[in-house]
4 protein chains.
Amino acid sequence: MESKQVPSSIKNRALVEKRREEMIRGAVTLFREKGFHKTTTREIAKASGFSIGTLYEYIRTKEDVLFLVCDSIYEQVNERMKQVVDASIPGETSLEEAVRAYFHLMDDLQEEVIVLYQEVKALPKEAKSYILEKEQEMVVMLEEVLSHSLPGAPPGRISIIANNVFVEGQMWGFRRWILQRSFSLEEYIDHQVSLLLEGVSTHR
Amino acid sequence: MESKQVPSSIKNRALVEKRREEMIRGAVTLFREKGFHKTTTREIAKASGFSIGTLYEYIRTKEDVLFLVCDSIYEQVNERMKQVVDASIPGETSLEEAVRAYFHLMDDLQEEVIVLYQEVKALPKEAKSYILEKEQEMVVMLEEVLSHSLPGAPPGRISIIANNVFVEGQMWGFRRWILQRSFSLEEYIDHQVSLLLEGVSTHR
Amino acid sequence: MESKQVPSSIKNRALVEKRREEMIRGAVTLFREKGFHKTTTREIAKASGFSIGTLYEYIRTKEDVLFLVCDSIYEQVNERMKQVVDASIPGETSLEEAVRAYFHLMDDLQEEVIVLYQEVKALPKEAKSYILEKEQEMVVMLEEVLSHSLPGAPPGRISIIANNVFVEGQMWGFRRWILQRSFSLEEYIDHQVSLLLEGVSTHR
Amino acid sequence: MESKQVPSSIKNRALVEKRREEMIRGAVTLFREKGFHKTTTREIAKASGFSIGTLYEYIRTKEDVLFLVCDSIYEQVNERMKQVVDASIPGETSLEEAVRAYFHLMDDLQEEVIVLYQEVKALPKEAKSYILEKEQEMVVMLEEVLSHSLPGAPPGRISIIANNVFVEGQMWGFRRWILQRSFSLEEYIDHQVSLLLEGVSTHR
DNA sequence: AATGAATGAGAGTTCATTCAT
DNA sequence: CATGAATGAACTCTCATTCAT
């Protein structure tokens, strides 16, 4: 799937898939720890379990690694989110359920989402657009769920709510140093859901 | 003020202040365009109007420039936000007014906020903590305003709302490519205020 | 024939011969286009129609390819020149005829001769000597023809004339960008023959 | 003069000139010994007496070094040849004198000319054209001298003679392993002049 | 106080060669 | 015999930082 975007000089497709998975696993950890720019290609190779020469058989440039990492993360996020959306029966599955599922997902993939969040901007132009499109797919999925549950709401409003929820989900990860000090995931979700549905006026 | 954090070999305090302002002005633009890592110290020197040698009379490392930039931005943000808060009379100035003022501020300082947003993580540990504290001051100010207007709300809830508002303000800048395509600033603020106060249930 | 100089791990002699011919054909084109140093072994393998692994069954090092190419070219040049010389009957075949035949040969093998000309120096010492000997054989053949036609001339003079003719033949190829703009092959040969025989004094 | 072609980040023009001269001196020797491709930039820096970092303050790429070397050689060659031509009084200075001067020049600059001869092709396209133009200037100078001495000769013939002389001069250097074994410079020149003027027919 | 030439560690990338299958 | 994945030494080039002037 990624092979369409990033060419490799290795012919064996299955092997490419396998090696790239190893690579992504290694790179995510490194990027999370030190950021993309401070991670060297040699470190990536080592963390992936192969030599620098082998690394470059599977990518063309260091930025390709970043792209593969970002792409893979959104692939996971969208995949799992799609399951939630598809399982939802319009009119029956509540907005609340979907939002809760999304927040749980963001909790599961915290590390990955932080990388995504902080490093996408380092991608070369074209690759960045591609990834931002995938991000947008994510937001669109949220919009769909929202419009099922709020049939009368104007699309502009739906869009803003979707963006809010999207960012609040990510916020749980990238502002963890403040949020996760004071709240459990469930508490955080409860608050956000309550705010979403009723605004500040209500408080329990 | 910054001189406390970043030593300079120049004695003349006023001069240090002046040169650093030039430096920050130049650096913000560059960081916005190409990011911290892809900006060289030579470019910063040039954009600041002095030589590389002179640049290093006023800082110790490249990261000092980033620190000065981040610090200066929060200085401005907090300064202006403080004015809003101080002008507000508890019980009279409404939550809505304060939030609107904050969103306008985020619109004014868009470029700067994006830099802040994307590059803080590149700061060395200690400097990062220092800047994150300033960020937290900002959030605390929002919390204060909120607790004035929502006297009965529990502090945890206040904190989450403050974080939400904080991030939604920044979102106007860093998700501009999607938001500013569909909404004027006023429309965006109207929606956010309405959502904040009443939740999704209401719509016009 | 080449197998004496460059060992191969393949036993089947005929196969070695065949594969090496494919290899030389591919390599000449590449060397002509981008030079020896900028051509990779992978490219040579591809142009030859087999894998990099197979390539290395028929040679030991990249320089072996260059050697085989150079050797093969001189083999052709000398072979064809020998036919001319052998066909010449001392005293009957004129100097002019032989020189004309040589220039035509240089025109036919232009591409190959340019490669020879530009890349021989990249050969390792021993291989270079071997090739330069073959080059010298070529010059010696010219000397023989010349001494038949100029029986009274001292050998030193013969040698210089042979070198001149040798280089003028190659010049038609490697200075083509200037010569072939102004002259057809026949015009060029006519001029050179006239100059050779009579010097500058005469002009038509 | 070269500064127009190859930008340097050093501002002091005189210094650039000086350092580049050191660089060229070092590089010529290395290129002569091992060729352009087998010489590393670190070796060039070392031979020039400065660090790798400093080297790159005066050039952009390794190929720039080659260009500067080639340019400088032709600068010298053309400069010195111009003196000969300018000193010649049309009608008085004989063809012979000019050709002799040229051969002596080629003897003096043997090493440099061999480098030129073998490495020009490694230059990037544009730089190559520029250097070939300078080479052509050299040939044109020879043509001028020739046309003064051979007023009745057709231009095509003049051009070929100039090319012959040009290449025969270089030949003294790049075929030294055979020519300089058998001839002193003066003997070589005597033969060439005699052949040029009278052709093969005459011999002393 | 200001300048800019000098430095060299270190980064990304290539590619000839090997060897298990 | 043929293949192509794996290797790592070696290369070019960058850039933060220093220091003599």
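Everything quoted here is computed from the prediction, not taken from an experiment. Letters A, B, ... mirror the listed sequences (proteins, then strands); counts begin at 1. Both backbone and side-chain heavy atoms feed into the values below; hydrogens, waters and symmetry mates do not.
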- Does D/Lys125 make a cation-pi contact with D/Tyr130 (under 6.0 Å, within 45 degrees of the axis)? no
- Task: Identify whether any heavy atom of D/Thr40 sits under 4.0 Å from a base atom; if not, whether one sits that close to sugar-phosphate; answer base, sugar-phosphate or nothing.
- Result: sugar-phosphate
- Which distance, rounded to the nearest 0.5 Å, do you find between the CG of D/Leu66 and the CD1 of D/Ile131? 8.0 Å
- Query: To the nearest 0.5 Å, how far apart are CG in A/Asp64 and CG in A/Asp71?
  - Reply: 11.0 Å
- To the side chain of D/Thr61, which of F/dA2, E/dT13, F/dC13 is closest? F/dC13
- Item | Contact check, side chains of C/Glu112 and C/Leu116, non-hydrogen atoms, under 4.5 Å | no
- Integer-rounded Å distance: E/dA11 P and B/Lys38 NZ: 17 Å
- Paired and unpaired positions of DNA chain F as dot-bracket, Watson-Crick or G-U wobble under 3.5 Å, | denoting a partner strand: .||||||||||||||||||||
- Message: Tell me every residue that passes side-chain contact (heavy atoms from CB on, under 4.5 Å) with C/Ser48, counting only those two or more places apart in sequence or in another chain.
- Response: C/Met23, C/Ile44, C/Phe50
- Query: In whole angstrom, what separates B/Lys62's NZ from F/dC15's P?
  - Reply: 8 Å
- Shortest non-hydrogen contact from B/Gln5 to B/Phe67? CB-CE2, 3.5 Å
- Task: Specify the separation, in whole Å, of atom NZ of C/Lys18 and atom C1' of F/dC1.
- Result: 12 Å
- Item | Nucleotide F/dC15, atom C1' - distance to NZ of B/Lys34 in whole Å | 12 Å
- Hey, mind stepping through C/Glu43 and C/Lys46 against salt bridge (charged side-chain N to carboxylate O under 4.0 Å, His left out) and telling me if it holds? CA-CA 5 Å; C/Glu43 287 170 323; C/Lys46 195 172 183 184; over 6 Å; no
- In whole Å, what is the span from the CD atom of B/Glu17 to the P atom of E/dA1? 15 Å
- Message: Rounding to an integer number of Å, can you tell me how far D/Asn12 CG sits from F/dA20 P?
- Response: 19 Å
- Message: Here's one to test your reading of the geometry: is the NZ or CZ of D/Lys62 within 45 degrees of the ring axis of D/Phe36 and under 6.0 Å from its centre?
- Response: yes
- Whole Å only: how far is the CZ atom of D/Arg20 from the P atom of E/dA5? 13 Å
- Rounded to whole Å, the CZ-C1' distance (D/Arg60 to F/dC15) equals 18 Å
- Item | Contact list for DNA chain E against residues 42-58 of chain D - heavy-atom distance below 4.0 Å | D/Arg42, D/Phe50, D/Ser51, D/Ile52, D/Gly53, D/Thr54, D/Glu57, D/Tyr58
- Looking only at heavy atoms, what is the nearest atom pair of D/Val120 and D/Lys128, with distance? O-CD, 3.7 Å
- Message: Between D/Ser9 and B/Ile10, which residue's closest nucleotide on DNA chain E lies nearer the 5′ terminus?
- Response: B/Ile10
